[in-house]
Protein chains: 2
Amino acid sequence: MRSKAELGRADAVACVELLFFAYRDFTGDADAVLEEYGFGRAHHRVLHFVSRNPGLRVAQLLDILKITKQSLARVLKQLIDEGFIAQREGAADRRERRLYVTAKGGKLTHKLTTLQVRRIEAAFAQSGPETETATRRFLLAMIAEPDRARVEALIGLSDRGATKDPI
Amino acid sequence: MRSKAELGRADAVACVELLFFAYRDFTGDADAVLEEYGFGRAHHRVLHFVSRNPGLRVAQLLDILKITKQSLARVLKQLIDEGFIAQREGAADRRERRLYVTAKGGKLTHKLTTLQVRRIEAAFAQSGPETETATRRFLLAMIAEPDRARVEALIGLSDRGATKDPI
DNA sequence: CAAATAAGTCAACATGACTGACATAACCTC
DNA sequence: GAGGTTATGTCAGTCATGTTGACTTATTTG
């Protein structure tokens, strides 16, 4: 029992390690499946965000992922060439290449998401369902502004709607 | 209000994204400092775990990091050459090269840890101190066995003792 | 002494980041 | 309509960090 609401350094260090191991295993499930397709985590991120935001522009995706367009180009090209992602000209601005997952891409994304969702659900089942709200508030608070607001809006939307799965 | 204690898929997907963004920003603070030293995240991980477990054997470190010894060799050699980590022969078994942070290495580790701890503390301050226990339980539950037990023991120890900072 | 173990090393390779420079098409503004 | 801006794509080279496979050395253990 510490007197203050403040964390001891040791407690915070524990969280550092928890985050490291939790994230490593969180991504591990999907990594294994991706390997079968010859894809990596970079492909997964692209699939995920395109699937979640159909019609996403390349520039927006770059902003979300915080990588350079040269880095994105390689994985995006592969995903397009192999038919997981499709591009369509923007209706208003024909310079834009709006990104969409194809049926094939949506299927893979769904498979990957399901793995991650399962681990999260299993974790909450074990830690107690009441830990969900707290965890979400903490994770959101960990995100640096100005992304926090954007993420809040992103997940805020999906919280309400029906299961708007990408496929 | 969902009728069950079960998460909706949309809620779990929200957690997927929260984890992605939270982890990205969590590591970002330290990455910036590491760059000044010409180090990367790999060096940070080595420093962290050696600092937390003085006298760690190479084989144990490999097991924690789940990388090959050839991968470790490169970063470890740099850290040793530049005086951040020291090796000492095992007392009982002279084949072992027990790893320790030097004063220099401890200082850097402390600096990096402080950055991460600050973000975590700021996050809890914002999400409410009552979210701490819940978050820690969730993160622990996210870790796959058999690591979960090991991590539990690791942080369990440090939870109690006085601030056993590595330097 | 032989075998197993702890660690180190050499070489080659893959992935996914990066910088910098430049190309193309479409839009916008004067 | 010319000229600048924007969205995107691409070429070329580099770096960090991971991989496999093969082999060495020192030491402990059976």
Side-chain angles (χ1 to χ4, degrees), chain A residues 20 23-24 27-28 30-50 55-82 85-100, chain B residues 20 23-24 27-28 30-50 55-82 85-100:
Chain A
F20 169 71
Y23 195 77
R24 189 190 61 181
T27 54
D31 287 349
V33 172
L34 287 159
E35 217 175 313
E36 299 168 21
Y37 290 78
F39 290 153
R41 212 175 283 176
H43 300 83
H44 186 187
R45 290 196 281 261
V46 171
L47 279 171
H48 177 91
F49 287 107
V50 170
L56 197 66
R57 285 184 300 115
V58 171
Q60 292 176 316
L61 185 52
L62 290 175
D63 191 43
I64 289 172
L65 299 176
K66 297 230 198 298
I67 57 173
T68 58
K69 74 180 161 178
Q70 294 92 327
S71 294
L72 176 60
R74 198 165 24 204
V75 294
L76 188 54
K77 195 176 186 314
Q78 277 180 277
L79 288 167
I80 291 167
D81 288 351
E82 298 180 36
I85 285 194
Q87 289 178 309
R88 286 213 302 262
E89 260 183 7
D93 186 335
R94 285 174 42 233
R95 286 172 306 181
E96 294 170 357
R97 301 294 154 85
R98 299 290 190 144
L99 301 172
Y100 302 86
Chain B
F20 168 72
Y23 195 77
R24 190 189 62 181
T27 55
D31 288 349
V33 172
L34 288 159
E35 217 174 314
E36 299 168 21
Y37 291 79
F39 292 153
R41 213 174 283 177
H43 302 83
H44 186 187
R45 289 194 282 260
V46 171
L47 278 172
H48 178 91
F49 286 108
V50 170
L56 197 66
R57 286 184 299 112
V58 170
Q60 293 176 314
L61 185 52
L62 289 175
D63 190 44
I64 289 172
L65 299 176
K66 298 229 198 302
I67 57 173
T68 59
K69 75 179 160 179
Q70 294 92 328
S71 292
L72 176 61
R74 200 164 19 203
V75 294
L76 189 53
K77 195 175 186 314
Q78 278 180 273
L79 289 167
I80 291 168
D81 288 350
E82 299 182 35
I85 285 196
Q87 290 178 307
R88 286 213 302 262
E89 261 183 6
D93 186 335
R94 287 174 40 233
R95 287 173 303 184
E96 295 171 354
R97 303 294 155 84
R98 300 292 190 139
L99 302 172
Y100 301 85

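Below, chains carry the letters A, B, ... as their sequence lines are ordered, and counting in each starts from 1.
When the salt bridge (charged side-chain N to carboxylate O under 4.0 Å, His left out) test is applied to Arg98(B), the partners found at least two apart in sequence or on another chain are Glu96(B). Residues meeting the salt bridge (charged side-chain N to carboxylate O under 4.0 Å, His left out) test with Arg24(A), sequence neighbours left out: Asp147(B). Among residues two or more places apart in sequence or in another chain, the side-chain contact (heavy atoms from CB on, under 4.5 Å) test is passed with Ala42(B) by Arg45(B), Val75(B). Every salt bridge (charged side-chain N to carboxylate O under 4.0 Å, His left out) that Arg41(B) has, sequence neighbours left out, goes to Asp31(B). In this view, His44(B) satisfies the side chain to side chain donor-acceptor pair (under 3.5 Å) rule with no residue, not counting sequence neighbours. In this structure, the side-chain contact (heavy atoms from CB on, under 4.5 Å) partners of Glu82(B), at least two apart in sequence or on a different chain, are Phe39(B), Gln78(B), Phe84(B). By the salt bridge (charged side-chain N to carboxylate O under 4.0 Å, His left out) test, Arg95(B) is found to be paired with Asp93(B), residues two or more places apart in sequence or in another chain being considered.
Per the geometry, CG belonging to Asp63(B) stands 14 Å off C1' belonging to dA6(C), to the nearest Å. Atom P of nucleotide dA17(C) and atom CG of Leu65(A) are separated by 8 Å, given to the nearest angstrom. Straight-line distance from the CZ atom of Arg74(B) to the P atom of dC10(C): 13 Å, rounded to whole Å. Leu62(A) places its CG atom 12 Å from the P atom of dT19(C), with the value rounded to the nearest Å.
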Nucleotides 23-25 of chain C: which of its N/O atoms have a protein N/O under 3.5 Å away?
none

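Using the six-membered ring where Trp is involved, Tyr23(B) and Tyr23(A) have ring planes that are parallel, under 30° apart on the 30 and 60° scheme.
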Can you give me every donor-acceptor pair (side chain of residues 56-64 of chain A, partner residue at least two apart or in another chain, under 3.5 Å) with its distance?
residue: Gln60(A); atom: OE1; partner: Arg57(A); partner atom: N; Å: 3.0
residue: Asp63(A); atom: OD2; partner: Arg150(A); partner atom: NH1; Å: 2.8

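Among residue pairs with one or both ends in residues 69-78 of chain B, those qualifying as salt bridge (Lys or Arg N to Asp or Glu O under 4.0 Å) are Lys77(B)-Asp81(B); sequence neighbours excluded.
Within residues 33-44 of chain B, no residue has any heavy atom closer than 4.0 Å to DNA chain C.
Contact check, Gln87(B) against dA7(C): no side-chain N or O comes under 4.0 Å of OP1 or OP2. Of the side-chain N and O atoms in Arg45(A), one or more sit less than 4.0 angstrom from OP1 or OP2 of dA17(C).
Relative to the side chain of Glu96(B), the nucleotides dA6(C), dG16(C), dT9(C) differ in distance, and dA6(C) lies closest.
Mapping heavy-atom proximity under 4.0 Å, the span of DNA chain D touched by chain B runs 5' to 3' from dT17(D) to dT28(D).
Looking at Leu65(B) and Val46(B), their side chains come closer than 4.5 Å, going by heavy atoms from C-beta outward.
Residue order along DNA chain C, read from the 5' end via each residue's closest nucleotide, puts Ile67(A) first among Ile67(A) and Gly90(A).
Within 3.5 Å, a donor on the side chain of Gln70(A) pairs with an acceptor on the base of dG20(C), or the reverse.
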